[in-house]
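Written out below as structure tokens is the structure these notes cover.
All of these numbers come straight from a predicted model, not from anything done at the bench.
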Amino acid sequence: MTWTDLQNALGRQGYVASDDLAVALQLALALGRPLLLEGAAGVGKTEVALTLAAVKGTQLLRLQCYEGLDAAQAIYEWNYQRQLLTIRAAAEDGETGKAVEDRIFSRDFLLERPLLAAITQDVPPVLLIDEIDRADEEFEAYLLEILSDYQISIPELGTITATSKPMVILTSNGTRDLSDALRRRCLYTYVDYPDRETELAILKARCPDVEDHLARQVIGFVQKLREEELDKTPGVAEMLDFAAALMGLGIADLTDNPVVLQSTLTTLLKTQNDQAQITKEVAGRIAGRAA
């Protein structure tokens with residue numbers, strides 16, 4: 001599959017990928033390397049992994065990162081309750097010692113979290129490590145062995161080597177700098193807000209019933225809105241919600257009803273400050289320039 005084939009396959013699933021993103025994704029698949037996608041929230045980074053799993057017809061395993069994430073939530077942990085019940089049952093049967101220890105620290109008692117599950121599948125899954133910048137720096141060290149050798153060391157069991165190599169997508173919103181060691185193990189591309197024609201194509205792919213005039217107004221309005229000094233810039237998902245809200249209300253032109261337009265901005269503006277800043281008059285001005 002060439003990068004254009006991949007780009008077209010993503011498009012058939014409703015994801016309009018830029019040439020740069022399609023090439024980076026194809027190289028990551030061909031070389032068996034993780035792909036780090038960086039960019040503002042809402043530009044479609046997570047959706048890349050979701051769509052890739054659909055294109056490949058494989059399982060998506062998602063690890064949502066957050067502060068304090070550790071190995072127990074991300075890699076594995078032991079099923080302590082089942083281990084305790086087994087120990088009690090063994091004691092009642094007079095069984096003790098190494099045989100019991102070997103049994104309770106076997107794969108049967110291991111709870112696989114996304115990172116371990118990703119390397120033990122018969123069919124290579126897509127592994128999404130979402131918002132890696134939200135995790136602690138120490139957590140990145142857990143990833144290095146996996147992303148370098150696709151293996152995980154478990155003290156009680158030894159080293160578990162991948163039975164299949166997952167397709168790994170990492171996303172970052174840039175809230176902190178990632179380590180050089182992590183970046184070296186990944187291919188990299190920056191995902192920016194789409195240009196006008198690309199975003200128009202995204203809208204038509206996701207909302208095929210939208211009228212052309214309204215579609216162009218929606219894209220123009222959202223892209224002009226992003227030029228305002230907002231606390232949270234609306235992303236592609238918010239743009240799609242905005243279009244759906246307008247269609248649901250039967251709005252054919254953004255300039256028809258300023259009151260209704262203002263009410264639909266709840267789909268785009270997600271803080272009190274932003275909603276106070278974009279008044280009915282400001283929204284009307286932007287709508288007049290959006291056609």
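- Under the 4.5 Å side-chain heavy-atom criterion for ILVMFWY residues, a single connected hydrophobic cluster contains both Met247 and Val236.
- Salt-bridge annotation for Glu211 and Arg216: absent, with no side-chain N of the basic residue lying under 4.0 Å from a carboxylate O of the acidic one.
- Counting heavy atoms from C-beta outward, Thr163 and Gln121 have side chains that stay 4.5 Å or more apart.
- Counted within 6.0 Å of CG on Asp177, heavy atoms from surrounding residues, nucleotides or ligands total 12 or fewer; the atom is thus considered open.
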Please report the C-alpha distance between Arg134 and Glu67 in whole Å, then the side-chain angles of each, then the deciding distance to 0.1 Å, and finally whether the side-chain contact (heavy atoms from CB on, under 4.5 Å) criterion is met.
-> CA-CA 6 Å; Arg134 292 186 178 273; Glu67 186 177 355; over 6 Å; no
Could you please spell out the steps behind the ring-ring contact (aromatic ring centres under 6.0 Å, His included) verdict for Phe109 and Tyr80?
-> CA-CA 8 Å; Phe109 292 81; Tyr80 297 114; over 10 Å; no
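- Residues Lys45 and Asn173 share a closest heavy-atom pair of NZ-OD1, 2.9 Å.
- In this structure, Phe242 and Thr266 have side chains that are not in contact, with every pair of non-hydrogen atoms separated by 4.5 Å or more.
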In sequence, state the C-alpha distance, the side-chain angles, and the governing distance for Phe105 and Val100, and then conclude on side-chain contact (heavy atoms from CB on, under 4.5 Å).
-> CA-CA 9 Å; Phe105 286 109; Val100 177; over 6 Å; no
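- With rounding to the nearest 0.5 Å, the separation of CG in Leu157 from OG in Ser106 is 7.5 Å.
- For Phe139, the ring pair (Phe, Tyr, Trp, His ring centres under 6.0 Å) test picks out Tyr142, with sequence neighbours left out.
- Side chain to side chain, Arg185 and Ser148 meet the donor-acceptor criterion of an N or O pair below 3.5 Å.
- Hydrophobic cluster membership is shared by Val23 and Leu37, with clusters built from Ile, Leu, Val, Met, Phe, Trp and Tyr side chains linked at under 4.5 angstrom.
- Residues Leu50 and Leu240 do not share a hydrophobic cluster, clusters being chains of Ile/Leu/Val/Met/Phe/Trp/Tyr side chains in contact below 4.5 Å.
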Begin from the C-alpha positions of Thr189 and Asp20 and carry the test side-chain hydrogen bond (donor to acceptor under 3.5 Å, both in side chains) through to its verdict.
-> CA-CA 8 Å; Thr189 194; Asp20 288 346; 6.0 Å; no
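- Tyr15 is listed as a side-chain neighbour of Leu21, based on a closest heavy-atom distance under 4.5 Å.
- Considering all non-hydrogen atoms of both residues, Ala117 and Leu61 come closest at C-CD1, 3.8 Å.
- Put simply, the side chain of Thr171 does not reach to within 4.5 Å of the side chain of Ile129, judged on heavy atoms.
- In terms of heavy atoms, Leu254 sits closest to Val218 at CD1-N, 4.3 Å.
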Before giving the answer on side-chain contact (heavy atoms from CB on, under 4.5 Å), spell out for Ile169 and Leu127 the whole-Å C-alpha distance, their side-chain angles and the decisive distance to 0.1 Å.
-> CA-CA 6 Å; Ile169 305 291; Leu127 171 62; over 6 Å; no
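- In this structure the side chain of Asp212 reaches within 4.5 angstrom of the side chain of Lys204, judged on heavy atoms.
- Side-chain contact between Asp253 and Leu214 is absent, with no heavy-atom pair separated by less than 4.5 Å.
- Hydrophobic clustering (ILVMFWY, side-chain heavy atoms < 4.5 Å, transitive): Leu36 and Leu187 are in distinct clusters.
- Using a 4.0 Å cut-off between charged side-chain N and carboxylate O, Glu156 and Arg107 make no salt bridge.
- Heavy atoms only, all atoms of each residue included: Leu269 and Gln275 are closest at O-NE2, 3.1 Å.
- Across Val260 and Ser263, no two heavy atoms sit closer than the pair O-OG, 2.6 Å.
- Nearest approach of Pro234 to Leu225, heavy atoms of both residues: CG-CD2, 4.0 Å.
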Could you go step by step and tell me if Glu140 and Leu178 meet the side-chain contact (heavy atoms from CB on, under 4.5 Å) rule?
-> CA-CA 8 Å; Glu140 291 184 27; Leu178 302 177; 3.6 Å; yes
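- Salt bridge status for Asp274 with Lys232: absent, with no side-chain N to carboxylate O gap under 4.0 Å.
- Under the 4.5 Å side-chain heavy-atom criterion for grouping Ile, Leu, Val, Met, Phe, Trp and Tyr, Met167 is not connected to Leu116 through any hydrophobic cluster.
- To the nearest 0.5 Å, atoms CD (Glu238) and CG (Leu268) are separated by 7.5 Å.
- With rounding to the nearest 0.5 angstrom, the CD1 atom of Ile152 is 4.0 Å from the CD1 atom of Ile119.
- Look at Arg206 and Glu47 and you find a salt bridge, because one of the NZ, NE, NH1 or NH2 atoms lies within 4.0 Å of a carboxylate O, short of that distance.
- Other residues, nucleotides and ligands place more than 12 heavy atoms under 6.0 Å from the CD atom of Gln13.
- When side chains are defined from C-beta on, Leu110 does not count as touching Asn79, because their heavy atoms never get closer than 4.5 Å.
- To the nearest 0.5 Å, atoms CD (Glu138) and CG (Asp70) are separated by 11.5 Å.
- A heavy-atom distance below 4.5 Å is not found between the side chains of Asp136 and Leu69.
- Interatomic distance, Leu200 CG to Gln223 CD, rounded to the nearest 0.5 Å: 9.5 Å.
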